[in-house]
Amino acid sequence: SDIRENLTYPIFGEAIRELAQTIADDGYEPDIILSIARGGVFVAGGLAYALDCKNIHLVNVEFYTGVGATLEMPVMLAPVPNAIDFSNKKVLIADDVADTGKTLKLVHDFCLDHVAEVRSAVIYEKAHSLVKCEYVWKRTDEWINFPWSVEPPVVRREGQVLDA
Ligand code: 5GP
């Protein structure tokens, strides 16, 4: 359909404060916020300030290979987070949206093996997501326009090779 969920930067600012308040009200105090690049970096930064958490880590996940072919499953790209940094830590995974939920499941399962506790926070969750996040700002089944990716890049870079 042509219907879009349009997130603007001003609404994003409000969403992050509300999402953080929900997490705080729930009594969850993460030691580490783990962002899923690239969209989750915006979410993690906002939550880190609002929750007064200074430890942000990052994991790169892509659905695509360097040659632009789509993979069946998302893959974690190098550098994979150091499991030792996570031992006995309370982790909050931050991402923009749980759509199929495959990306979040990959990162969540990685964390489960290494951490004391892991929960997930997203701005949006779609009904068909195979992961049910503990913290969701809004539920939608529409395609979402995010403010950081709704405009095309200011420069087009062909043949970029992803780290793997
Ligand atoms: P997944 O299907 O694994 O839950 O989502 C993987 C990634 O695809 C998301 O983190 C996001 O970057 C992108 N994605 C999924 N659904 C949408 C959407 O509705 N709008 C946009 N802009 N990106 C999406």
Side-chain angles (χ1 to χ4, degrees), residues 1-20 22-23 30 32-48 50-51 53 56-81 86 91-115 118-157 160-164:
S1 78
D2 270 358
I3 301 168
R4 293 281 189 280
E5 169 76 18
N6 278 297
L7 186 68
T8 63
Y9 275 116
I11 301 296
F12 166 67
E14 293 175 21
I16 283 298
R17 295 293 298 190
E18 291 175 13
L19 188 59
T22 304
I23 296 164
I32 290 172
I33 296 177
L34 177 59
S35 62
I36 305 179
R38 291 173 288 174
V41 173
F42 297 90
V43 180
L47 289 179
L51 295 173
C53 175
I56 302 182
H57 289 236
L58 185 151
V59 61
N60 282 288
V61 178
E62 281 285 355
F63 256 129
Y64 300 94
T65 65
V67 292
T70 307
L71 298 175
E72 177 69 20
M73 294 293 293
V75 291
M76 225 184 269
L77 303 177
V80 170
F86 287 7
V91 174
L92 181 68
I93 300 170
D95 206 357
D96 47 5
V97 51
D99 190 322
T100 64
K102 287 180 179 179
T103 299
L104 263 163
K105 188 179 183 334
L106 178 74
V107 177
H108 190 268
D109 289 353
F110 170 84
C111 287
L112 271 185
D113 296 336
H114 303 293
V115 308
V118 57
R119 299 186 189 181
S120 300
V122 291
I123 309 177
Y124 292 102
E125 185 176 277
K126 302 194 181 180
H128 61 205
S129 173
L130 59 90
V131 166
K132 304 302 170 196
C133 296
E134 282 82 359
Y135 307 111
V136 177
W137 178 67
K138 188 174 178 181
R139 296 174 197 282
T140 183
D141 291 322
E142 309 301 341
W143 183 258
I144 305 147
N145 287 337
F146 289 103
W148 42 85
S149 54
V150 68
E151 303 282 356
V154 299
V155 60
R156 195 61 82 170
R157 298 175 58 192
Q160 189 177 176
V161 179
L162 298 168
D163 295 340

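One is the number of the first residue; the rest follow in order along the sequence. Read the numbers this way: they start at 1 and go in the same order the structure lists the ligands and their atoms.
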Note: ligand 1 atoms sitting under 4.0 Å from heavy atoms of Ala98 are 4 (O)
For a 4.5 angstrom cut-off between non-hydrogen side-chain atoms, does Leu34 reach Phe86?
yes
Side chain or backbone, does Asn145 bring an N or O within less than 3.5 Å of an N or O on ligand 1? no
Distance col, row Glu5:CD vs Tyr124:OH, nearest 0.5 angstrom, shows 3.5 Å
Logged contact type for Asp95 with ligand 1, heavy-atom cut-off 4.0 Å, is side chain
For Ile144, the ligand 1 atoms with a heavy-atom partner under 4.0 Å come out as 18 (C), 19 (O), 20 (N), 21 (C), 22 (N)
Task: Minimum side-chain heavy-atom gap Val136-Val122 below 4.5 Å - done: yes
Scanning both residues in full, the closest heavy-atom pair of Ala98 with Leu104 reads CB-CD1, 3.6 Å
Item to complete: For Pro74 and ligand 1, answer yes if some heavy atom of the residue is under 4.0 Å from a ligand atom, otherwise no.
Response: no
Judged by heavy atoms only, the candidate from Thr140, Asp96, Thr103 nearest atom 5 (O) of ligand 1 is Thr103
### Query
Can you check whether Leu104 has an N/O within less than 3.5 Å of an N/O in ligand 1?
no
* To do: Please say whether more than 12 non-hydrogen atoms of neighbouring residues, nucleotides or ligands are located less than 6.0 Å from NZ in Lys105.
  => no
Within 4.0 Å of some non-hydrogen atom of Lys126, the atoms of ligand 1 are 16 (N), 18 (C), 19 (O)
Tell me whether the rings of Trp148 and Phe42 are parallel (<30°), tilted (30 to 60°) or perpendicular (>60°). parallel
CG (Asn6) and CH2 (Trp143) are apart, to the nearest 0.5 Å, by 12.5 Å
| Quick one: does atom 20 (N) of ligand 1 have a protein heavy atom under 4.0 Å from it? | yes
